[in-house]
Structures are given as structure tokens and as C-alpha cells.
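Notes follow the structure.
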Amino acid sequence: MSRRALRLLLSIVMLIAASLGGVLATAGPAQADGCYTWSRTLSQGASGADVTQLQIRVAGYPGSGGVLAIDGAYGPATTAAVKRFQSAYGLAADGVAGPATFSKIYALQDDDCTPVHFTYAELNTCNSTWSGGAVSASTAKSNALRTMWKLEALRHALGDSPIRVTSGFRSHACNDAVGGASGSRHLYGDAADLGAGPHSLCKLAQQARNHGFNGILGPGYPGHNDHTHVDHRSGRFWSAPSCGI
């Protein structure tokens with residue numbers, strides 16, 4: 001083979017390789033828009049910060065009465081929550097978080113990592129700094145993010161009709177101004193009060209039992225006849241007597 005023919009053959013091979021490389025590059029997993037990108041498939045036995053990020057987003061799918069621990073360990077409870085998330089959105093419910101699961105999460109989140117139907121502003125009408133509560137500003141804001149993902153799951157379960165948040169994080173000053181309890185979970189940023197809208201207050205309280213809230217207070221509980229309250233307190237306390245809870 002002449003040198004000229006060899007060079008031509010090498011050029012063709014390089015062009016084919018470059019073309020295939022481009023195809024392979026575009027066939028990779030979907031990427032998040034400015035928030036968080038998972039770089040590996042996750043399944044039971046995995047651990048790390050990427051598992052924690054996943055748990056935050058599927059914490060609204062722990063099963064009836066359950067609460068998913070956000071601990072970075074992909075155990076049976078996380079597997080079950082991922083399965084419920086997948087089933088809720090019409091994905092193959094295998095409990096393995098791969099490209100299809102991550103693509104759905106990416107579609108559900110904004111660039112600041114909040115779910116598309118809720119915002120930090122909705123969860124904090126008290127101040128812009130998240131300061132002055134019972135925990136640090138960063139912890140209060142982080143708690144609010146976890147609340148929003150649980151609310152997103154609640155919203156989806158109720159047919160994707162809007163949920164109206166009437167109160168979220170409060171500083172001590174804001175809490176005192178509205179006559180809140182001295183130990184209110186609003187001071188921790190992990191509580192939300194929900195107003196009636198497309199769904200009754202009782203419907204919100206009843207459905208919230210499936211989405212990881214340890215605290216649920218609603219109609220029939222003193223001071224809660226005009227809203228349903230949900231929070232992340234450490235132990236379960238549900239009381240909405242007018243709703244059968």
C-alpha cells in the first residue's frame with residue numbers, strides 16, 4: 001500500500017472514530033440544569049453524598065406512616081421509596097436510580113434545587129436571610145428544601161393540583177407576632193401551613209400521612225381549623241379530629 005493510500009485510510013478511520021465519539025457523547029445520561037448531577041447509577045448498598053441528594057428528592061415516598069432517613073445510605077427503605085417514586089411517574093419500578101429516574105428528577109427541579117411547583121419565597125415570608133429561628137439560617141433553609149420535596153410528592157398524589165402554602169419558616173420575632181407556640185416547628189424551617197384550595201384541609205391532612213411528615217395538625221385540633229400543618233418533628237404526632245386523624 002502506498003503512503004498516500006495509507007494516509008487516506010488513516011484519515012477515514014479518524015473521521016469515523018470522531019463521528020462515533022460524538023454519538024457516544026450525546027447518548028450519555030441527562031444533565032441537571034444548574035442544580036445537581038448524578039454521575040453513577042445508585043442501588044441498594046451504595047452510600048455517599050449522591051445518595052443523600054437522592055433521598056431528599058424521594059423522601060415524599062416512604063409509604064403510609066413512614067419517614068425516610070436522609071442518611072446517605074441506600075438501604076431497603078430508600079429502595080422502596082425509589083420504587084414508589086418511579087411508579088408514581090410511570091417509570092419501571094425496580095428501586096434502582098439510573099438515567100430514567102434522574103431525568104425525571106431533573107425535570108422536576110429548578111436550578112436552585114427546589115421542586116418546580118414550590119419556591120423558597122413561599123416557604124419564607126418572614127425574612128430573606130432565614131436567620132433568627134431556632135437553628136442556623138443554613139439549616140432552616142435546608143429543612144425547608146426537604147419540606148418542599150415532600151410537598152411536591154403530596155401535590156402529585158393529589159392530581160398535580162396546586163397546594164397553597166400560607167406559612168413556612170419563622171424567626172422568633174415573626175413567630176411571636178403571629179402568636180405561634182414557643183417551640184413551633186416553624187422556627188426550624190421544617191414546617192408548612194397549608195390553606196384550602198382545590199383540596200379540602202382534611203384531604204390535605206389525610207394524604208400527608210403517606211408523604212413523610214411526622215407532624216400533621218388540622219381541623220379539630222386547637223387553632224388549626226383554618227389550615228393543615230405539616231412538619232418533620234422527631235416523633236409522630238398527628239391530630240386532625242374532624243378529619244378522622
Side-chain angles (χ1 to χ4, degrees), residues 32-38 47-62 67-73 78 81 105-106 108-155 162-195 204 208 211-218 223-224 226-237:
D33 290 331
C35 174
Y36 186 86
T37 300
W38 284 268
S47 62
D50 50 359
V51 175
T52 298
Q53 291 295 325
L54 174 66
Q55 289 172 327
I56 290 170
R57 290 155 179 79
V58 301
Y61 294 89
V67 176
L68 181 65
I70 311 298
D71 58 6
T78 299
I105 292 174
Y106 297 151
L108 286 172
Q109 69 184 9
D110 285 325
D111 284 353
D112 63 356
C113 297
T114 59
V116 292
H117 297 109
F118 298 92
T119 67
Y120 282 119
E122 283 182 279
L123 270 290
N124 181 4
T125 58
C126 174
N127 60 44
S128 61
T129 63
W130 296 85
S131 61
V135 292
S136 69
S138 61
T139 297
K141 191 172 183 180
S142 175
N143 287 342
L145 180 65
R146 298 182 184 194
T147 299
M148 283 186 271
W149 279 101
K150 292 183 179 184
L151 291 176
E152 184 71 26
L154 173 62
R155 186 186 192 278
I163 288 178
R164 185 165 61 94
V165 178
T166 61
S167 183
F169 167 75
R170 300 174 192 159
S171 67
H172 283 286
C174 289
N175 192 56
D176 290 345
V178 299
S182 60
S184 171
R185 295 308 305 182
H186 290 280
L187 296 166
Y188 296 81
D190 68 6
D193 290 346
L194 311 178
L204 292 168
H211 299 290
F213 293 107
N214 259 339
I216 303 174
L217 305 174
H224 289 73
D226 61 351
H227 68 279
T228 289
H229 168 100
V230 293
D231 67 49
H232 303 170
R233 67 187 67 196
S234 58
R236 183 189 298 180
F237 184 74

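Just so it is clear, the model here is predicted, and its values are computed rather than measured.
A donor-acceptor pair under 3.5 Å is absent between the side-chain atoms of Ser47 and the main chain of Gly72, judged by distance alone. The main-chain N or O of Thr119 is found under 3.5 Å from a side-chain atom of Glu122 such that the two form a donor-acceptor pair. Remark: the backbone N or O of Gly60 is paired with a side-chain donor or acceptor of His211 at under 3.5 angstrom. The closest donor-acceptor contact from the side chain of Gln55 to the backbone of Asp71 lies under 3.5 Å. With hydrogens and angles ignored, the 3.5 Å screen pairs a side-chain donor or acceptor of Asn175 with a backbone N or O of Ala181.
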Derivation of the side chain to side chain contact (heavy atoms under 4.5 Å, CB included) call for Asn127 and Ser171: CA-CA 8 Å; Asn127 60 44; Ser171 67; 4.1 Å; yes
Set out, in order, the CA-CA distance, both residues' side-chain angles and the distance that settles side chain to side chain contact (heavy atoms under 4.5 Å, CB included) for Ser182 and His172, then state yes or no. CA-CA 8 Å; Ser182 60; His172 283 286; over 6 Å; no
Applying salt bridge (charged side-chain N to carboxylate O under 4.0 Å, His left out) to Lys150 and Asp190, what does each step give before you reach the verdict? CA-CA 11 Å; Lys150 292 183 179 184; Asp190 68 6; over 6 Å; no
I would like to know whether Arg164 and Leu194 meet side chain to side chain contact (heavy atoms under 4.5 Å, CB included); could you show each step before the answer? CA-CA 6 Å; Arg164 185 165 61 94; Leu194 311 178; over 6 Å; no
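The two atoms that bring Thr37 and Tyr106 nearest to each other are CA-OH, 3.4 Å, heavy atoms only. Nearest heavy-atom pair, Thr147 versus Ala192, reported as atom, atom and distance to 0.1 Å: CG2-CB, 4.1 Å.
Counting only N and O atoms by type, the side chains of Thr139 and Ser136 include a donor and acceptor under 3.5 Å apart. When only modelled atom types and interatomic distance are considered, His186 and Asp231 share no side-chain donor-acceptor pair under 3.5 Å.
Using a 4.5 Å heavy-atom threshold, the side chains of Thr52 and Ile70 count as touching. His229 has its side chain out of reach of Ile216: every pair of non-hydrogen atoms, C-beta onward, lies at least 4.5 Å apart.
A perpendicular orientation is assigned to the rings of Trp38 and Tyr36, their planes being inclined by more than 60° (bins at 30° and 60°). Between Trp130 and Phe169, the ring-plane angle classifies as tilted under the 30° and 60° cut-offs.
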